Amino acid sequence: MNQFGRLLKLVFLCVPLAYLASQFALPLVSGIVMSFAAGGFSLANYGFVLHDPLFWRAWANNLILPALSLCLEFVLGLLFALLLSSARRVSIVTEISILLPFLIPEIVFLSIARYILLPRGYLNGALFSAGFGGAGWLNPGSGLALASVIVVDAWHVTPVVTLVLLGGLQTIPAELYEAAHLDGAGAVARLRHVTLPFLKPALFAALLLRGVDALRIFSTVLVLTGAEGTPVLSTYAYQLWSDALEPRVAMAASVMLALLITLLSLAVLVLRRRAGARGEGSWEYLAA
Amino acid sequence: MTHFRLASERVKAKCSAERDGPGRPSPGRRSSARATARSRSRGLCAALTRLSLALGLCVVGCGAPQVPRSSLTVAMALFPGEAIVYRKILADFESVSGTRVQLVTETYGDILHLLQAESGAGRGRFDLVELDIATLGQARDDVRELEPSLLATERKLFPAAAWRVGVIANQLYFVPHRIMWQAMIYNRLRVPHPPADWEELARFVRAHPGKLAIKGALYEGVLCDVAPFVWEAGGSVLQPTSTDTLTGLDFLAGLAPGLNPRSAVFREMSVLEAQARGEVWIHFNWPFAMTYLHDKGLAPLVDLSAPIPAGPKGRATVLGGGYLAIPRSAPHPDSAQLFLRFLLTSDVQQRLVSELGWQNALPIKRDAQAALLYGGFSAMRPYMRARPTVPDYQALSNRWQRALAAILFADTPAVVALKPVTAWVEGLPYESVRPAS
Amino acid sequence: MGVPGGVSVEDKLLAFCRRALSALVIAAAAIPLYLLIKQALTPELESFAWPPAWLPKSLTLTYLNGVIATGELRVALMLSARVAVAAALLATGLGTMLAYAMARDARARGLGLAALSVTRLLPMVAAAMPLATILIRLRLYDTASGLGLALVHGALALPAAAILLFGAFVKIPLELEHAAYLDGASPLAIFLRLNLPLVRGALAAAFVLSFLASWDEFGFALLLQPTNRTLPPLIYYYTVFGDAGAASALALVSAVPVLIALIALRPVLLHGLRGRAR
């Protein structure tokens, strides 16, 4: 194409990228700079964070929580995707129900989840009416609170995993199933030898997509247990920012979270490449 | 890094950190009907007061000819509903003084930020600002000294403890605008006899584990709940490891296993919700707790207020609220002084109490229902104490908050947990540790 | 599966599992929605009672009327809508530009994909806190217009919009463009008159998804608009401040546009959601 065409494409590329940079790269860089500032260049903010027991609790939770939550989401997401793709006809009600928890505003969903899980909430109320004792689903620092956050998080985002896997399932040729069926393969065998191998790319895409979000978990924890109850790095930084009014320390904590996410994603991509998959498209998974 | 520091401070106010949220019921809403009835009977009296005030203002005004018919810009942390009522009071001042008043409503955090920004620039828009009591030490360098005569004539309006907070190094910088203090909120159906002293409180916790809660989240509120116990033992927030302070902390640490398990995350409003749901039977809170419970239909039927249980050295409660000051950069400081004089009259103060529902200065004149609801608060009035007005109170408070979390929720011995607080206090200049009385 | 023929025990079991899963899915969606409506329309004391009432005993409009009367609902609703429309316009507009460049140029494609991916790695707090300090200096922090928030929401929604539109642009055969070029059309005219009309569907989907993304967004709104609040932070404050009725009434109002979109645009959403992040 001519020069004007090239110029148009250049402008079309640069303007959006500059906009993205102004909203994300610029703040990130200025955040990194500020995290090293304490009356001149200093590591004091990082020192504070590393000596804070709450930080280490947040750090541990920030690894445990996403890991368990991803496991649960993938098991459920796979089940739902198989359900949607295998049934001859999926009712509109089921389809809407699968999407609904993710589509209603997150805060609305979390607010209701909190009312269900409160010590005198709907869940304990139902248990009480049925003759059981209740449980402290949200008690700060307890394993049960961690489990509650995981279940609510999975409840909320399983639809995303379902949709990505559903996309993957639709690429599997029906003839393969027919062939497997004629060979006398049962449902489990068909799942193991036909479905899962074909689903690998979609599983990987969903893992990256959801993994990054799971590591950034913020509102679920804040609404359900409060920043001190099941601290993760995002809520830890938020507490320092809004309650302790220690912005520079808060920035140090958030920079460490950004670092954690970047390193883990890179590790996953490198592992994937090692495993012999096509390396070229790996970024696409993240963007998709 | 000035810009940066300011950024963070825009977010929230201090002890009543949650007051800028929407959920806190505005006390003005409930009392406005009562107020209209009362204002009619007060008409004549008020007219006379205004006349005398107008004369007074004329006299003072003549003494300050450089600001005739000026305007005044005021920044206050008011709710929309409160601002509507407050504008009526401002209109009265406008009519008697001829000064036009512009009211800007912001959060306490924002006001402090604006004050520091304008002071740094040396030129400002605001003539009068309302500041959270906990930030007075921080704001002191950016505000003007006030005429000592304000203190001399209006002393009777507020308890001595409330005035003392505004005096730093024998100079008056801040005057009380609205003051509030904590009392005990209890479920009268479950707790027919609210514990009156520490021993009874300990007995209650042993008998009903999980039913006493404190606001233990990592924010200013935890210090507001704990400081009274330190004071009641004779201790001080600025003497973290004195025997008396440790007595108070040890008492609380002894109660800790029986506290409501969610105490580590409770804040003013969430603990109140737990009280409303019957999950908690006793906790400590500000007067708006009673307004909240009343609006829910739970007070006075189910919940009431009572004095905080007395300790070995008597009773104490924490003083909170907003104070007024004239910024160093104020364009019309003399008009601002006039407005302060107007505000510090018993007539206007009575209006703040009855129309805005503030638990303010005067011995509260109320109807029988209000007397019942706020009984615990009235009883605690003589025992209010302020947190120290050191220059960087936030740093002190943050260290205390983390130490208290360790003592109450992680079984750390108080002496060990308080080491960072001790180190910080030892770094203070001598005069900050002993504020002028 | 679902192949006609001999029905084995395994297949019967499968059918049962399908039914059980369907029931679970429907319950998981219906219970929160039901409780939301119930709390918004019944007196708070019914929810605060022990055990809390699952079935309404009486109905009230107190909470809906309350949030309307104080004006909080109107203000937050208008702000949310303004921010979401502005963000959706930004994301769709700039997303279209980026998607077109990516679809027509291999190098732009690599660069664009890398940039969009990196964007998704950034945690909210790491961007929002420094952004707050920058917006203060620009006098865009916590404004009644919500412009600062709209800018960042636009950037948040841009990657998904761009990917969606990229998928639409690459489907347009290059021969069409060449033909138009030979006819003497300028590159800009080719983009505007030839390409854009062909991706109308994707444009609409990108706009709706970006609007919903901003409408739902909580973290940035909480940090950048502490007093001029959009709906999500307002619902959060009402929730944690113990006003179940008002919180649910607001939540119900904010869920309405989403429910309408869900029912009306189900096919679009099913397609577009794959590119949408939380």
Side-chain angles (χ1 to χ4, degrees), chain A residues 4-5 8-9 12-13 15-17 19-20 23-24 27-28 30-31 79 83 86-88 94 97-98 100-101 103-108 111-112 120 122 125 128-129 155 163-164 167 178 181 186-187 212-213 216 218-219 234 237-238 241 250-251 254 257-258 261-262 265 283-284 286-288, chain C residues 1-3 10 14 18 21-22 25-26 28-29 32 35-36 50-52 94 97-98 100-101 104-105 108 113-117 119-127 129-131 134 151-152 155 158-159 163 187-188 216 218-219 232 235-236 239 247 251 254-255 258 262 273-275 277-278:
Chain A
F4 182 36
L8 185 79
K9 272 176 223 151
F12 273 26
L13 179 69
V15 171
L17 290 188
Y19 170 56
L20 282 180
Q23 295 301 309
F24 296 131
L28 180 65
S30 95
L79 280 175
L83 164 79
S86 71
R88 242 164 273 170
T94 313
S97 299
I98 284 189
L100 194 80
L103 278 177
I104 59 174
E106 186 187 18
I107 201 71
V108 172
S111 161
I112 293 297
R120 295 208 153 196
Y122 292 100
F128 176 81
S129 304
W155 186 356
L163 284 171
V164 176
E178 270 168 49
H181 199 79
V212 170
D213 278 346
R216 301 193 293 195
F218 173 69
S219 17
S234 287
Y238 175 69
W241 167 265
M251 304 249 183
S254 70
L257 173 61
I261 295 178
T262 312
S265 329
W283 280 117
E284 276 177 60
L286 258 182
Chain C
M1 304 180 221
V3 179
E10 231 175 29
L14 211 66
R18 263 205 293 271
L21 261 183
S22 281
V25 163
I26 293 172
L35 289 176
L36 174 69
W50 179 250
L94 292 170
M97 290 164 70
L98 185 59
Y100 185 66
R104 296 288 177 261
D105 189 304
L113 278 178
L116 296 183
S117 319
T119 303
R120 293 193 23 81
L121 295 181
L122 193 60
M124 182 275 293
V125 279
M129 298 188 308
L131 200 57
I134 293 171
L151 282 172
V152 70
L158 196 147
I163 294 289
L188 192 63
D216 291 5
F218 169 66
I235 294 168
Y236 166 70
T239 303
S254 83
V258 182
L262 172 61
L273 255 179
R274 278 161 222 164
R278 193 150 46 129

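In what follows, every chain begins at residue 1, and chains take the letters A, B, ... in the order their sequences are listed. Not measured: the values here are computed from a predicted model.
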- Using non-hydrogen atoms only, which part of C/Tyr100 is less than 4.5 Å away from chain A: side chain, backbone, both, or neither? side chain
- Query: With a 4.5 angstrom heavy-atom cut-off, which part of A/Leu8 approaches chain C: side chain, backbone, both or neither?
  - Reply: side chain
- Task: Considering only heavy atoms and a distance below 4.5 Å, find which of A/Ala258, A/Pro101, A/Pro16 pairs most often with chain C.
- Result: A/Pro16
- Return the minimal non-hydrogen interatomic distance between C/Asp105 and A/Lys9, and the atom names on each side. CB-CD, 4.2 Å
- Task: Heavy-atom distances under 4.5 Å only: say whether A/Leu17 touches chain C with side chain, backbone, both or neither.
- Result: side chain
- Message: Using side-chain heavy atoms (C-beta onward) and a distance below 4.5 Å, is C/Leu131 in contact with A/Phe24?
- Response: no
- Item | Validation row: C/Asp216, A/Leu103 side chains within 4.5 angstrom (heavy atoms) | no
- Message: Nearest 0.5 Å, please: how far is OG in A/Ser111 from CD1 in C/Ile235?
- Response: 7.5 Å
- Between A/Gly31 and C/Pro130, what is the shortest heavy-atom contact and its length? CA-CG, 3.6 Å
- Honestly, the part of C/Leu188 sitting under 4.5 Å from a heavy atom of chain A is both
- Item | Validation row: A/Leu28, C/Leu122 side chains within 4.5 angstrom (heavy atoms) | yes
- Note on the structure: Interface check, chain C: of A/Pro27, A/Gly125, A/Ala250, most non-hydrogen pairs under 4.5 Å belong to A/Pro27
- Item | Partners passing side-chain contact (heavy atoms from CB on, under 4.5 Å) against A/Ala237 (at least two apart in sequence or in another chain) | A/Ala253, A/Ser254, C/Val125, C/Met129
- Would you please classify the geometry between the C/Trp50 ring and the A/Phe128 ring as parallel, tilted or perpendicular, with 30° and 60° separating the classes? tilted
- Shortest non-hydrogen separation from A/Gln23 to C/Leu151 and the atoms involved: OE1-C, 3.7 Å
- For A/Trp155 and C/Ala28, indicate whether the former's side chain and the latter's backbone hold a donor-acceptor pair under 3.5 Å. yes
- Where is the tightest heavy-atom contact between A/Val15 and C/Leu94, given as atom of each residue plus distance? CG1-CD2, 3.6 Å
- Message: Let me confirm one number: the OG1-CG distance from C/Thr119 to A/Leu20, rounded to the nearest 0.5 Å.
- Response: 5.0 Å
- Approximate separation, where rounding is to 0.5 Å, of C/Leu35 CG and A/Ile112 CD1: 6.0 Å
- Tell me, for A/Ser129 versus chain C, whether the close heavy atoms (under 4.5 Å) come from the side chain, the backbone, both or neither. side chain
- Note on the structure: If one checks every heavy atom of C/Ile134 against chain A at 4.5 Å, the contacting part turns out to be side chain
- Closest non-hydrogen contact found for A/Tyr19 with C/Ala155 is OH-N, 3.1 Å
- Item | Distance-minimising heavy-atom pair for A/Phe218 and C/Gly219 | CE2-CA, 4.2 Å
- Give, for atom CZ of C/Arg104 and atom CG of A/Leu13, the distance between the pair rounded to the nearest 0.5 Å. 14.5 Å
- Not counting sequence neighbours, which residues clear side-chain hydrogen bond (donor to acceptor under 3.5 Å, both in side chains) with A/Thr94? List them please. A/Ser91
- Ranked by heavy-atom pairs below 4.5 Å to chain A, first place among C/Pro123, C/Pro232, C/Ser254, C/Ala255 goes to C/Pro123
